[in-house]
Amino acid sequence: NLLKNGDFEGEFDYNSSRSIVDRIEGWDVYPFDQYNSYQDIVSDERSNDVDQNNHAVDIHRYMWNDGWAAGEVSQIVNVAPNETYSFSCLAKGGIYNDSPLGSIRIYDLQNDANQQTITVTGDNYQTYATDFETKANTKQIRVSLYLERAKWGASVSGFRVDDTKLTGKSLACVRYHLGLELIALVDDE
């Protein structure tokens with residue numbers, strides 16, 4: 001798995017004065033304002049096989065504001081050019097009046113037009129997956145767990161994601177004492 005802490009079992013910091021998690025190991029959290037959106041790491045029992053010791057990220061909209069930005073938890077990954085990567089996760093929620101507001105988005109940071117959106121369509125866990133192809137000049141992609149804003153007073157179900165996985169070629173850099181850099185592709189599949 002090229003994603004760090006893809007199962008959300010790693011460390012996180014809870015900001016009690018703002019009632020939000022503002023740091024998740026391996027992930028960037030935005031925005032840091034509970035009056036826009038708030039996020040948490042929650043215990044999540046899904047079956048007899050996955051008990052209360054399992055954790056997932058949970059993103060909510062602040063109900064009494066229409067918000068000024070999407071709630072996002074994202075991670076940037078170094079990738080190889082001209083390769084195919086496979087993404088999968090378990091996700092649910094982010095629904096308002098039968099309209100899905102939660103999605104997983106994959107962005108090529110060197111090519112704005114190269115991106116994919118996976119819309120989360122229900123309030124029960126489902127597996128969501130896609131393949132993503134990098135371009136000749138791609139060096140990094142960003143995987144974003146994205147909860148769009150809603151109108152003032154909207155009751156949006158919590159957007160919950162777990163078991164995120166990105167597989168494909170990873171880049172390993174070996175630096176020599178002369179400052180030369182050797183880049184090697186490592187098959188992570």
Side-chain angles (χ1 to χ4, degrees), residues 3-47 50-76 87-109 112-113 115-130 132 141-166:
L3 291 171
K4 186 176 181 182
N5 190 26
D7 58 4
F8 300 100
E9 301 301 321
E11 295 181 8
F12 61 93
D13 291 335
Y14 182 77
N15 186 321
S16 58
S17 66
R18 291 166 53 200
S19 300
I20 58 173
V21 166
D22 56 14
R23 186 191 70 82
I24 300 170
E25 181 182 346
W27 297 85
D28 297 316
V29 178
Y30 176 83
F32 294 124
D33 193 326
Q34 72 273 28
Y35 299 113
N36 182 78
S37 60
Y38 56 97
Q39 53 284 333
D40 202 355
I41 299 294
V42 296
S43 294
D44 195 17
E45 184 173 359
R46 288 197 306 267
S47 67
V50 181
D51 62 20
Q52 284 291 342
N53 292 322
N54 178 66
H55 294 94
V57 66
D58 190 40
I59 307 171
H60 283 267
R61 299 301 314 180
Y62 179 64
M63 186 173 184
W64 304 116
N65 192 328
D66 57 359
W68 49 88
E72 284 191 80
V73 174
S74 66
Q75 185 170 150
I76 293 174
F87 174 83
S88 65
C89 71
L90 287 174
K92 69 175 184 176
I95 308 296
Y96 170 63
N97 285 350
D98 296 326
S99 295
L101 299 179
S103 60
I104 295 94
R105 298 178 179 203
I106 303 173
Y107 303 92
D108 181 328
L109 295 184
D112 290 342
Q115 56 182 273
Q116 289 205 21
T117 299
I118 308 167
T119 302
V120 175
T121 56
D123 279 321
N124 295 312
Y125 273 118
Q126 296 179 53
T127 298
Y128 293 88
T130 191
F132 187 83
I141 61 173
R142 180 163 60 105
V143 175
S144 176
L145 315 177
Y146 188 96
L147 183 58
E148 186 56 78
R149 58 191 152 192
K151 67 179 188 174
W152 189 93
S155 180
V156 180
S157 63
F159 179 47
R160 196 169 285 192
V161 182
D162 197 7
D163 297 342
T164 61
K165 189 171 186 181
L166 182 71

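Taking the charged nitrogens against the carboxylate oxygens, Asp123 and Lys92 have no contact shorter than 4.0 Å, which rules out a salt bridge.
For the pair Arg61 (side chain) and Leu147 (backbone), a donor-acceptor distance under 3.5 Å is present. At distances below 3.5 Å, at least one donor-acceptor pair connects side-chain atoms of Gln75 with backbone N or O atoms of Lys4. With hydrogens and angles ignored, the 3.5 Å screen pairs a side-chain donor or acceptor of Asn36 with a backbone N or O of Ala69. No side-chain donor-acceptor contact under 3.5 Å links Asp108 to the backbone of Asp112. A donor-acceptor pair under 3.5 Å links the side-chain atoms of Ser157 to the main chain of Ile95, judged by distance alone. Although no hydrogens or angles enter the test, the distance criterion places a donor-acceptor pair under 3.5 Å between the side chain of Asp7 and the main chain of Glu9. Looking at Gln39, its side chain does come within 3.5 Å of a backbone N or O of Val21 through a donor-acceptor pair. Without hydrogens or angle criteria, Glu25 side chain to Glu11 main chain gives a donor-acceptor distance under 3.5 Å. Here the side chain of Thr164 pairs a donor or acceptor atom with the backbone of Gly6 at under 3.5 angstrom.
Within the 4.5 Å cutoff, the side chain of Ser74 has heavy atoms near those of the Arg142 side chain. Looking only at side-chain heavy atoms (C-beta outward), Val29 and Ile20 stay at 4.5 Å or farther from each other. With contacts defined as side-chain heavy-atom distances shorter than 4.5 Å, the pair His55/Ser43 qualifies. Residues Gln115 and Arg105 have side chains not in contact (no heavy-atom distance under 4.5 Å, counting atoms from C-beta outward). Taking 4.5 Å as the limit, every side-chain heavy atom of Thr117 sits out of range of all side-chain heavy atoms of Tyr146.
In this structure, OG on Ser17 lies 7.5 Å from CD on Gln34, to the nearest 0.5 angstrom. With values rounded to the nearest 0.5 angstrom, Arg160 atom CZ is found 9.0 Å from Asp40 atom CG. Interatomic distance, CG of Leu101 versus OG1 of Thr119, reported as 10.0 Å (0.5 Å rounding). Rounded to the nearest 0.5 angstrom, Asp163 CG and Thr127 OG1 are separated by 8.5 Å. Separation of atoms CZ (Phe8) and CG (Leu3) is listed at 8.5 Å; rounding is to 0.5 Å. Rounding to the nearest 0.5 Å places CG of Leu145 at 10.0 Å from CD1 of Ile118.
For the residue pair Phe12 and Ile24, the shortest heavy atom distance occurs at CB-CA, 4.2 Å. Listed here is the closest heavy atom pair of Pro100 and Asp98: CD-O, 3.7 Å. Contact record, Trp27 with Val143: CZ3-O, 4.0 Å, taken as the closest heavy-atom pair. Across all their heavy atoms, Thr121 and Tyr128 have their closest contact at N-OH, 3.0 Å. In terms of heavy atoms, Ser144 sits closest to Glu72 at OG-OE1, 2.5 Å. Among all heavy-atom pairs drawn from Tyr35 and Asp33, the shortest one is N-OD1, 2.8 Å.
In Tyr14, the OH atom is crowded: over 12 heavy atoms of neighbouring residues, nucleotides or ligands sit closer than 6.0 Å.
With ring centers used as reference points, Tyr38 lies under 6.0 Å from His60.
For the residue pair Asp44 and Tyr125, a side-chain donor N or O sits within less than 3.5 Å of a side-chain acceptor on the partner.
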Next item on the list: Step by step, work out the side chain to side chain contact (heavy atoms under 4.5 Å, CB included) result for Ile41 and Val57.
Entry: CA-CA 5 Å; Ile41 299 294; Val57 66; 4.1 Å; yes

